[in-house]
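Every heavy atom of this structure was used, including side-chain atoms; hydrogens, water molecules and symmetry mates were not.
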Amino acid sequence: MSDSRHKPTPKITSGPMQSYSSQTFQNGQLPQAAAESSILVTANPELLQTTRFLEDVMVEIDNTIDPNTPNPHLNMLLHLVQGHCDGRIVSPSSMVAASGVPYATGMRRLAEIQAAGLVEQRARTKSGKTFSLHPSPKLLQSFTQLAERIERIARNSFGAADPHPSQDDYYFGGSYQPGQANIPPPRVLPEPLKLSGGLRILVHGDPTFMVMENLKRQFEQIIGTDISQRAFSIDRLREEALRNAARAQSRYDLIAVDLPWVGEFVEKGVIRALPEIMDVDRLDPGDFHTAGWQAAHWNGVPYGVPSQTTPEMMFYRKDWFAAGGLEPPSTTDAVLKAAKHFHEPLKGRYGVAWNAARGTALGHTFMMTCADFGQPIFDLPKIAGGFDASRLSKGGLRPMFDTDKARDAADYLMELLQYSPPDILSMSWYERVRPFAEGKVAMAYGYTLLAPYFELDSTCQAYGNTGYLPHPHGPEGVPIAPVGGYVLCVPANLSEDRIDETVEALVSFTSPAAQKLYAQNGSRTAPRYSVGSDPSVRRLSPIFEMVDQMSWRDELQYWPRPPVPEISEVIAICGTELHDMLRGLVSPAEALKRVQANTEQILNKPVT
């Protein structure tokens, strides 16, 4: 390992537990409907389709034409790529067996494709006498390009050729744009990681991390060791990360940290600063969406690598709005007007779904709603594009819940309540998207990571009928998309002898190639510009291009949920007091007065 990757260094109170229904993530598992859908597949679709198509064609030719000569080069390469996609170990003997020619001939042909730079080998034992075979980047790139050509040839030969190619397939000058090249599949590390017990990861139980779990065998081949992943709901994830920090040695090599927790976890010594353990330039920081990368910093220092950058947006039914003659809702007034128009409870149709469950869910909603009305929850300095959340470590912040704009935000939620489903006060992350997918609501606030529930399920009424917008804004607000998601961090108490290997896994899991693979297998989060601009990724969903455009327009912002060390307690307070407001137990003015007083009290306490 290079010395530049590791520089040796000297050595709660949680919010309310998140309520999850029986159909949401239980013990890190996806809902049954999602598990049975095409959200989670086990390999790169382009490579799998190509290898299986070629194998099927060759079988047909072999069984139809006699005499016939085998093609050992192609047979072995197909076997190798198929094994890579399936996460299977491929040995020289299995390659030769797949060649279709005698052993001696097969060995010579194997040597030829190795000499051509198409195959890489990696030692499986310390002696190096036993090794596995893997596709080289050159071979994977060739097969990726072949997949696109085969699809085009098949479409032209057996389907009606389109005289006007779709812009998704080609646009003038597109091939000359930076970042437009197809990202090749992940490459196998030159040396397997030597982590005792394998790589251990603590994550959130959401679709993107479940895609990673489903690709585990493939990534085990890439990094050369076993992977163990534990998934929790959002509140339980934070609690487990804090419990882990109190242990003498970390049970996890990598932990997923929600963006608002970064300040708390740094101040409590839960995570390591990246510059202490690696050369940060290896990550290509300029490729990450600006807001997602900035949110991984505390006091100007990066502490994590964006694994998901998922803005919260407004989902709306394009077909309903078109039929009703309504424009997409860009303002809060337009949301209320449209919600009233579509709200027909007697027909089982409702205007809008959102996070209104008590505690964490509603707390996040209120912070972002304040941002929609042009104000953060603390007195952050105003800058171009919004507010400056880069200096939170200096402290001295004043809560901003006793303002006119905060009151406008609370009043807006009270009005939304009139046009929401009857179970709105128990709706959280997944529950708000499910009725939208089923065609019961016209609009839903939701993170892009939840879009697979209706984008990849053709039985959903929202399938193919969904439009996406930044958060509709109030009279003094501007279009923004509050950035959510997780960064992967190295625990501060991770054993020193595991640091170097863990850094290699971190770089691999957050690389453009890995992020593209997640997208191809159902994820709708892309932290990197290069992934969002990859033509094959853009064809998967309009979300990727839209998020890139919002980032360039400076609409992706992380200040709506400023990562102050006390943020989890503030979220819990907001989610409790505002829930009482929605239930009619207290007035908006009284609820905000309580939030202001309780938050001021918390800010005056030392961080423990």
Is a side-chain donor or acceptor of Ser511 paired with a backbone partner of Ala514 at a separation under 3.5 angstrom?
yes

Could you tell me the separation between the CD1 atom of Ile234 and the NE2 atom of His204, rounded to the nearest 0.5 Å?
5.5 Å

Would you check if there is a donor-acceptor pair between the side chains of Lys516 and Ser536 at a distance under 3.5 Å?
yes

I'd like to know if Arg109 and Glu112 make a salt bridge, using a cut-off of under 4.0 Å between side-chain N and carboxylate O.
yes

If you compare all heavy atoms of Phe131 against all heavy atoms of Pro92, which two are closest, and at what distance to 0.1 Å?
CE1-CG, 3.4 Å

Pro137 vs Pro184 side-chain heavy atoms within contact, under 4.5 Å:
no

Which class fits the ring pair Tyr468 and Phe454: parallel under 30°, tilted 30 to 60°, perpendicular over 60°?
parallel

By ring-ring contact (aromatic ring centres under 6.0 Å, His included), His134 pairs with (sequence neighbours left out) none

Nearest 0.5 Å, please: how far is CD in Gln221 from CG in Leu215?
12.5 Å

Output field: ring centroids Tyr453/Tyr430 closer than 6.0 Å
yes

Which residue in the set Val487, Val483, Leu449 passes side-chain contact (heavy atoms from CB on, under 4.5 Å) when paired with Gln308?
Leu449

Ser136 (side chain) donor-acceptor with Gly117 (main chain) under 3.5 angstrom
yes

Within a strict 4.5 Å, meaning less than it, do heavy atoms of the Pro186 and Leu517 side chains meet?
yes

Residue pairs fulfilling ring pair (Phe, Tyr, Trp, His ring centres under 6.0 Å) with at least one residue in residues 504-525, sequence neighbours excluded:
Phe219-Phe509, Phe219-Tyr518

Answer yes or no: is there a donor N or O on one side and an acceptor on the other, between the side chain of Ser142 and the main chain of Lys138, under 3.5 Å?
yes

Testing the 3.5 Å rule here: is there a donor-acceptor pair between the side chains of Ser428 and Asn355?
no

Spacing of Leu110 atom CG and Leu80 atom CG [to the nearest 0.5 Å]:
9.0 Å

Only counting residues at least two apart or in another chain, list the ones meeting ring-ring contact (aromatic ring centres under 6.0 Å, His included) with His79.
none

Mind checking the CD1-CD1 spacing from Ile223 to Ile227? Nearest 0.5 Å is all I need.
4.0 Å

Is the His289 to Tyr529 ring centre distance short of 6.0 Å?
yes

Is there a donor-acceptor pair closer than 3.5 Å between any side-chain N or O of Thr448 and the backbone N or O of Thr525?
no

Salt-bridge criterion met for Glu264 and Lys268 (N-O under 4.0 Å)
yes

dist Ile499:CD1 -> Glu504:CD (nearest 0.5 Å) comes out at 12.5 Å

Checking the side chain of Asp534 only, and the main-chain atoms of Ile183 only, is there a donor and an acceptor separated by less than 3.5 Å?
yes

Is it the case that the side chain of Thr510 and the backbone of Leu506 share a donor-acceptor pair, with hydrogens and angles ignored and the cut-off at 3.5 Å?
yes

May I ask you to say whether Arg524 pairs ionically with Glu455, meaning some side-chain N is under 4.0 Å from a carboxylate O?
yes

Side-chain contact test, heavy atoms from C-beta onward, threshold under 4.5 Å: evaluate it for Met210 versus Gln229 and give yes or no.
yes

Do side-chain atoms of Asn493 reach the backbone of Arg247 as a donor and acceptor pair under 3.5 angstrom?
yes

Output yes when Arg432 and Glu438 qualify as a salt bridge under the 4.0 Å nitrogen-oxygen rule, no when they do not.
no

Could you check whether Trp429 and His364 have their ring centres less than 6.0 Å apart?
yes

Between Val119 and Met95, which heavy-atom pair has the shortest distance, and what is it?
CG2-CE, 4.5 Å

Heavy-atom check, side chain of Trp261 versus side chain of Pro563, under 4.5 Å:
no

Where the side chain of His73 meets the backbone of Ser99, is there a donor-acceptor pair that is under 3.5 Å apart?
no

Run the salt-bridge test on Arg243 and Glu240 with the 4.0 Å N-O cut-off and return the result as yes or no.
yes

Please check if the side chain of Arg538 supplies one atom and the backbone of Gly532 the other of a donor-acceptor pair under 3.5 Å.
yes

Measuring from atom CG of Leu254 to atom SG of Cys489, what distance do you get when rounded to the nearest 0.5 angstrom?
9.0 Å

Tyr445 side chain to Thr365 side chain, donor-acceptor N/O pair below 3.5 angstrom:
no

Answer yes if the side chains of Tyr252 and Arg230 hold a donor-acceptor pair under 3.5 Å, and no otherwise.
yes

Are the side chains of Leu283 and Trp293 in touch, meaning some heavy atoms are under 4.5 Å apart?
yes

Report yes or no: is the cationic atom of Arg528 (NZ for Lys, CZ for Arg) closer than 6.0 Å to the six-membered ring centre of Phe288, at no more than 45° off its axis?
yes

Do the rings of Phe209 and Tyr486 sit parallel, tilted or perpendicular, given the 30° and 60° boundaries?
perpendicular

Would you find a donor on one side and an acceptor on the other, under 3.5 Å apart, between the side chain of Asp253 and the backbone of Arg200?
yes

